[in-house]
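For ligands, and for the atoms within them, numbers begin at 1 and follow the listed sequence.
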Amino acid sequence: MDSISANNSLIHFNAICYKALNEHLEKHNFSKIFILVDENTHQHCLPVFLEKLKTDLAFEIIEIESGEINKTIETCVGVWNALSDLDADRKSLMINIGGGVITDLGGFVACTFKRGIAYVNVPTTLLSMVDASVGGKTGVDLGALKNQIGVISDPDLVLIDTQFLDSLPQNQMRSGLAEMLKHGLITGTDYWNKFLDLSKLSMEDLDTLIYESVLIKRNVVQEDPYENGLRKTLNFGHTLGHAIESYFLSNPKKETLLHGEAIVVGMILACYISSRLTGFSKEDTNYIKQLFINYYGKVSIDKTEYAPIMDLLKYDKKNNHGNINFVLLEAIGKTKIDCQVDDAIIEEAFDYYML
Ligand SMILES: NC(=O)c1ccc[n+]([C@@H]2O[C@H](COP(=O)([O-])OP(=O)(O)OC[C@H]3O[C@@H](n4cnc5c(N)ncnc54)[C@H](O)[C@@H]3O)[C@@H](O)[C@H]2O)c1
Ligand SMILES: [Zn+2]
């Protein structure tokens, strides 16, 4: 698998990762290495990583608690203090080993510490490999508002070693798969068709699909880094998906829904809305609904919950001038951005999902 360049980063895959990292360490005159992990990646990923790291440089491990709830400025303060106490200087290198929480927070800490030190991301969840690791967005949450504080800054290297997925829980795998399905729906039939029968996929096939997903995201963000147009298509399924995710999170009576699981529901709703507004084929809509429900099961959303979920749409980051903007499909691979949708059609979409 050839390495991929993305703005100021190089993305390497599997065996080449460690060779590239060790060469990078040799070439740059770093003073010390700081490795950021959470308790899960400390246990499952760090030993594998350290075995491959060949350097005489001293390194320190900084561990934070896992989970989105810890993606906060308070955690950053803890990591900034640890860096300071452990004598990090402007020539230090940070290596973030973990899912999107670690790479988002670690990237933000690195590019703000002493006005920015170099960092490397080692994504260890499927979601962070195909999504969070590409595009240079770093940051943390502000209370309940996701990713409100942050900067766009590229790591020197992104190292995607898919063997880390061996220890990843199944529900986290499915959550990451949702973003790949999204890449299929927004880019077109060649990639999309590869997901129609997951039972036939081998681990090598998965590696290739991860590679292709990274390429798709890289191409989109390269063309539109600041989300003026094309990059918005990556939000397909996310307008209602995020609202459903927040509603389930804040409602103790509802089951736990991972990001990708909520996005799958959001994508089914967006397909239905597309079939009503943009001429997206009804047949494709039904097919996608059935396929996604086969893979993910069905989440229960009662009629009385439509309104509180729709209320949450007003917090969507894609809104501007008070408008709620949807990404819809005209066909598989053909997106339409900045679409406004009447509440009545959103309610119909929920009814269609629950049918
Ligand atoms: N920067 C971006 O462009 C971008 C894009 C998408 C998502 N994100 C962010 O990514 C975050 C979600 O990332 P995520 O889904 O990776 O969640 P996560 O980082 O919370 O990881 C999920 C869980 O898996 C554990 N884990 C990680 N790797 C493991 C492994 N190999 N084996 C066993 N356990 C492992 C973690 O400790 C955690 O408990 C969100 O905060 C989201 O905002 C950022
Ligand atoms: Zn997403």
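- Among all protein heavy atoms, the one lying closest to atom 17 (O) of ligand 1 is G100 N, 4.1 Å.
- In terms of polar-atom proximity, defined here as any N/O pair under 3.5 Å, I102 makes no such contact with ligand 1.
- Looking only at heavy atoms of the protein, atom 35 (C) of ligand 1 is closest to L168 CD1, 3.6 Å.
- Protein heavy atom in closest approach to atom 32 (N) of ligand 1: S167 OG, 2.7 Å.
- Between K19 and E23 there is a salt bridge, since a side-chain N of the basic residue sits under 4.0 Å from a carboxylate O of the acidic one.
- Residue contact annotation: D131 places no N/O/S atom under 2.8 Å from the Zn ion (ligand 2).
- Under 4.0 Å is where a charged nitrogen must lie from a carboxylate oxygen, and between D104 and K71 at least one such pair does.
- Residue contacts with ligand 1: K71 is placed with a nitrogen or oxygen under 3.5 Å of a nitrogen or oxygen of the ligand (distance criterion only).
- Nearest N/O/S atom of E179 relative to the Zn ion (ligand 2): this is OE2.
- Among all protein heavy atoms, the one lying closest to atom 18 (P) of ligand 1 is V101 CG2, 3.9 Å.
- In summary, the atoms of ligand 1 found under 4.0 Å from a heavy atom of K217, numbered by their order in the structure, are 3 (O).
- Remark: minimum distance from atom 28 (N) of ligand 1 to any protein heavy atom is reached at T124 OG1, 2.7 Å.
- Remark: minimum distance from atom 44 (C) of ligand 1 to any protein heavy atom is reached at D104 OD2, 3.2 Å.
- The side-chain tip of K289 does not point at the ring of Y272 from less than 6.0 angstrom away and within 45° of straight on.
- The nearest non-hydrogen atom to atom 15 (O) of ligand 1, considering only L127, D161, T41, comes from L127.
- When only modelled atom types and interatomic distance are considered, D311 and Y247 share no side-chain donor-acceptor pair under 3.5 Å.
- In terms of polar-atom proximity, F164 is counted as a contact of ligand 1, with an N or O under 3.5 Å from an N or O of the ligand.
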